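Keep in mind that what you see is a predicted model, and the values were worked out from it rather than measured. Below, read A as the first sequence line, B as the second, and so on, with proteins coming before strands; counting in each chain starts at 1.
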2 protein chains.
Amino acid sequence: MVSTIDRKSELIHALEDIGCRVTGPRVEIIQEISTLEGSFTAEDINTRLPALGRATIFRTIKLLQDTQKLCKTVLFDGTVRYSLDTGFHHHHLICVKCGDIKEMRSMELERVLRVAAKKIPDQVVGHSLEIYRICSNCS
Amino acid sequence: MVSTIDRKSELIHALEDIGCRVTGPRVEIIQEISTLEGSFTAEDINTRLPALGRATIFRTIKLLQDTQKLCKTVLFDGTVRYSLDTGFHHHHLICVKCGDIKEMRSMELERVLRVAAKKIPDQVVGHSLEIYRICSNCS
DNA sequence: GTGCTTGCAAAGAATTTGCATAATT
DNA sequence: AATTATGCAAATTCTTTGCAAGCAC
């Protein structure tokens, strides 16, 4: 299990690595993201950090996506949510009630997807798979 | 192969079935959708039928979704595209260059997905799978 | 000090809604 | 004739941008 502190410094270092300054607002946003267990929306951060400008929140989220540490997911209804990213290829378990997103990996699924890709005449460049569920909090 | 005419009357009947009137604007929109081979955006229809109000286009598209004959897909970049729907469970083959969407079905994939779902402790209510490719027009 | 960042407000883009008018059944 | 549908324009929602002032390095 990764601690909040570890996640926080990992994200801060990731920003530094792409040449960003470590500023107060950015640290505050990273703090919130690290504390949140599941996925979140830009609005979630805005609500928790009302002193920050929305633009800063969107800009920081974008930077974190650039570091590959944050993953953007557009849900079936068009809602945009973000979740921490391990950096490995993975799929999402999405709760249809609260929108929470968890990562999921399965070698078996990947294998079948590779086989399926071979049957497609065009060049396959990737895939995304979302499994919809009702999470334990919501059921 | 389904003809444009068949698709058109199928969509018109589908609207009638949910208690909608068959109006000029709706028929025009259905005509365009039936003629288009792949997927399309609301803007595509608006461009082809500039005499119609945008609101009418969005409202008609929504009605067609209600009939289950039209499928809404939100792409990785947030773009919204629509495509004709067979009504059966299926997945999407999406071209990363032009956004074109084709339906795809695979018993093998479904089987593996069912097995994967059983391993998830929560109640799984569905899934969606998109395979990204470069279509023959774009490659 | 220099240049990257911030917050505000304004601009955008996409979609929805209210309402008077027009068309369908 | 009774209702539903349309088109326009205004309102929404979410996100981005321009810019002067404020920080990090």
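With no hydrogens or angles considered, no side-chain donor-acceptor pair links B/D44 and B/T47 at under 3.5 Å.
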Evaluate A/L75 against A/V80 for side chain to side chain contact (heavy atoms under 4.5 Å, CB included), listing each step before the verdict. CA-CA 6 Å; A/L75 304 198; A/V80 174; over 6 Å; no
Check the pair A/E43 / A/R54 against salt bridge (Lys or Arg N to Asp or Glu O under 4.0 Å), numbers first and verdict last. CA-CA 9 Å; A/E43 193 50 33; A/R54 280 172 201 280; 3.2 Å; yes
Show the numbers, then the answer: is there a salt bridge (Lys or Arg N to Asp or Glu O under 4.0 Å) between A/R111 and A/E108? CA-CA 5 Å; A/R111 194 186 56 72; A/E108 170 75 355; 3.6 Å; yes
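Aromatic pair B/H89/B/H127: centroids less than 6.0 angstrom apart.
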Where along nucleotides 4-13 of chain D does protein come under 4.0 Å, by heavy atom, of base (B) or sugar-phosphate alone (S), with - for untouched nucleotides? BSBBB-----
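A salt bridge links A/R133 to A/D100: one of the charged nitrogens lies within less than 4.0 Å of a carboxylate oxygen.
For B/R105 and B/F88, the positive end sits near the middle of the six-membered ring, less than 6.0 Å away and at most 45° from its axis.
First and last contacts of DNA chain C with chain B, using any nucleotide atom under 4.0 Å from a protein heavy atom and ordered 5' to 3', fall at C/dT15 to C/dT25.
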